[in-house]
Number of protein chains: 2
Amino acid sequence: MSIQRPKTITAQVTEILGQRIRDGVYPANSRIPSESELAEDLQVSRTTVRNALAKFAADGLLIRKQGDGTYVSSQASGIDQRYGGQWDFSRVIEGNGFKPSIQMLDRQQRTATADEAEQLNIEAGQPLWTVDRLFYADDFPAIYVTNILPIAYFHNKQAIPDGTLHIHDLLDSVCGQTVGYATTDIEAVQWSDIPRVFKQDRRERPMLKLTEVFYNRDNLPLALGISFYDDARLRLRLIRS
Amino acid sequence: MSIQRPKTITAQVTEILGQRIRDGVYPANSRIPSESELAEDLQVSRTTVRNALAKFAADGLLIRKQGDGTYVSSQASGIDQRYGGQWDFSRVIEGNGFKPSIQMLDRQQRTATADEAEQLNIEAGQPLWTVDRLFYADDFPAIYVTNILPIAYFHNKQAIPDGTLHIHDLLDSVCGQTVGYATTDIEAVQWSDIPRVFKQDRRERPMLKLTEVFYNRDNLPLALGISFYDDARLRLRLIRS
DNA sequence: TAGTGGTCTAGACCACGAG
DNA sequence: TCGTGGTCTAGACCACTAA
């Protein structure tokens with residue numbers, strides 16, 4: 001694989017280095033070539049290499065040591081869910097060693113409650129779409145997600161949200177909006193507040209509830225995501241440096 | 001305030017810009033001066049300004065718009081716990097609008113269980129210190145933290161860990177080790193597994209349990225942190241871009 | 001079209017760590 | 001001491017947005 005100019009160079013370098021780490025060209029705990037060597041090898045500036053390396057270091061995949069070199073973290077093989085990029089539940093499930101699959105449960109139009117209206121910065125009673133999905137880890141229900149999208153932002157008010165898309169892509173396709181950032185509130189919820197799907201094979205354990213608000217770059221809340229996360233089956237792990 | 005060379009320039013620029021945001025020199029939702037203007041103003045290169053701005057953008061404090069400018073996020077006033085830096089519970093409590101205080105509950109020497117030994121990559125039965133602390137939000141117990149430190153890494157085996165320090169500073173002072181990165185696992189725990197201190201003023205609600213592992217830059221686990229977090233009183237919020 | 005942020009370069013000097 | 005990563009510069013060109 002070689003560098004091609006059309007796409008952003010840093011992205012290409014990131015991809016190449018990511019492949020080398022995943023493929024074991026740079027094995028765990030080994031020292032990778034120096035920044036200067038990589039820059040020479042890939043025919044880009046050292047700054048560009050550094051920017052690519054910085055992303056991996058921030059995710060904990062690479063450990064950088066001044067005066068020594070850059071090492072592949074032993075965490076690299078874990079493929080834990082990294083924090084910083086999109087929170088992709090399918091990847092989270094994969095990272096925990098399960099085969100992910102998605103089931104669309106429900107999709108309906110209704111009006112916003114007072115609570116939802118406040119979080120979305122709209123008026124109560126405004127129409128919105130809700131999309132309910134269930135993520136399976138192998139054959140077990142693992143994450144139940146409800147996404148809530150105000151119809152006011154839809155380009156085509158008649159459009160029906162695609163239940164197979166990631167929320168970012170869904171907002172892009174139906175509203176033409178790009179998610180700039182998102183907030184996630186994490187709570188523990190007790191048995192009585194848990195969706196029925198989870199009540200079959202679990203003892204009366206609490207679950208995690210994630211409440212996400214997706215904003216565009218103008219600081220406007222675009223959508224909500226309310227997820228019930230089976231922390232008994234899936235580890236919810238954050239890494240920070 | 002002016003730039004001084006001895007400390008890292010980016011850090012100084014970051015500090016200055018942070019103050020201006022906090023102090024309202026750059027009010028929420030307003031556009032801040034362009035990168036070039038800031039570079040000229042502070043007598044540093046545009047690259048340096050960009051690095052400083054990038055940190056705020058990653059934390060969601062600033063919103064950058066190509067072709068337009070850089071805006072202060074309305075989230076800025078919330079002072080929510082940002083993700084990426086240290087997870088400082090006192091700051092979390094402040095950010096939720098309470099006055100934080102810390103009580104040292106217990107400090108003892110014992111040997112590692114099999115479970116602890118595995119997480120710390122040591123052998124079971126090795127001696128370690130445990131430090132139990134309780135963080136109050138106003139007058140209510142809000143976070144219960146147990147830190148576990150293997151004595152093997154202590155410079156002075158007789159040293160007694162200081163119960164007032166942040167875990168990062170504690171490790172620095174007692175082991176001479178710097179924390180390179182940390183992982184946090186988040187779970188929901190049921191009533192029966194919750195520390196007694198919380199059982200007085202709560203209904204039988206579950207809580208959040210955070211299990212942190214602190215690593216040095218050589219990928220060696222230095223310490224554990226096990227926290228019970230009252231999500232009914234304190235919002236646990238992550239922001240990502 | 002002018003000005004913004006986004007990307008990239010080539011070079012410099014420094015702080016640090018291993019040998 | 002030598003090579004590493006860490007920091008910083010001055011400049012370039014591009015993509016995008018608002019006026």
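Lettering follows sequence order; numbering is per chain, from 1. Everything numeric in this text was worked out from a predicted model, so none of it was measured.
A donor-acceptor pair under 3.5 Å is formed between the side chain of A:Asn96 and the backbone N or O of A:Arg235. A donor-acceptor contact shorter than 3.5 Å links the side chain of A:Arg31 to the backbone of A:Asp68. Listed for the B:Glu37 side chain is a donor-acceptor partner under 3.5 Å among the backbone atoms of B:Ser34.
Distance B:Leu38 CG to C:dG5 C1': 12 Å, rounded to the nearest Å. The distance between atom CG of A:Leu53 and atom C1' of D:dT4, rounded to the nearest whole Å, is 12 Å. Summarising the geometry, the separation between NZ on A:Lys55 and C1' on C:dT7 is reported as 11 Å, rounded to the nearest angstrom. Atom CG in A:Leu42 sits roughly 14 Å away from atom P in C:dA10 (whole-Å rounding). Rounded to whole Å, atom P of C:dG17 lies 7 Å from atom CD of A:Gln66. Between B:Gln12 atom CD and D:dC8 atom C1' the separation is 13 Å, expressed in whole Å. The CD1 atom of A:Ile32 sits 19 Å away from the P atom of D:dG3 (whole-angstrom rounding). Atom C1' of nucleotide C:dA10 and atom CZ of A:Arg50 are separated by 15 Å, given to the nearest angstrom.
Which of C:dT9, D:dC8, D:dT4 sits closest to the side chain of A:Ile9 comes down to C:dT9. Checking D:dT9, C:dC8, D:dG6 against the side-chain heavy atoms of A:Glu35 singles out D:dG6 as nearest.
Between B:Ser36 and C:dG3, a side-chain N or O to OP1/OP2 separation shorter than 4.0 Å is absent. Taking 4.0 angstrom as the limit, B:Arg64 places a side-chain polar atom (N or O) nearer than this to OP1 or OP2 of C:dG6. OP1 or OP2 of D:dG6 has not a single side-chain nitrogen or oxygen of B:Thr8 nearer than 4.0 Å. Remark: A:Ser45 is not in phosphate contact with C:dC8, judged by side-chain N or O atoms under 4.0 Å from OP1 or OP2.
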Could you pull out the protein-nucleic contacts involving nucleotides 11-13 of chain D (nitrogen or oxygen on both sides, under 3.5 Å)?
residue	atom	partner	partner atom	Å
D:dA12	N6	B:Arg46	NH1	3.2

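By the 4.5 Å heavy-atom criterion applied to side chains, A:Leu38 and A:Val13 are not counted as neighbours. In this structure, A:Tyr153 and A:Leu220 have side chains that are in contact, with non-hydrogen atoms separated by less than 4.5 Å.
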Would you check, one step at a time, whether the test side chain to side chain contact (heavy atoms under 4.5 Å, CB included) holds for B:Ile226 with B:Leu210? CA-CA 6 Å; B:Ile226 294 150; B:Leu210 314 181; over 6 Å; no

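Taking a 6.0 Å sphere around CD of A:Gln109, one finds it holds more than 12 heavy atoms contributed by other residues, nucleotides or ligands.
Remark on DNA chain C: of its neighbouring residues A:Thr10 and A:Asp68, the 5'-side contact belongs to A:Thr10, judged by nearest-heavy-atom nucleotide.
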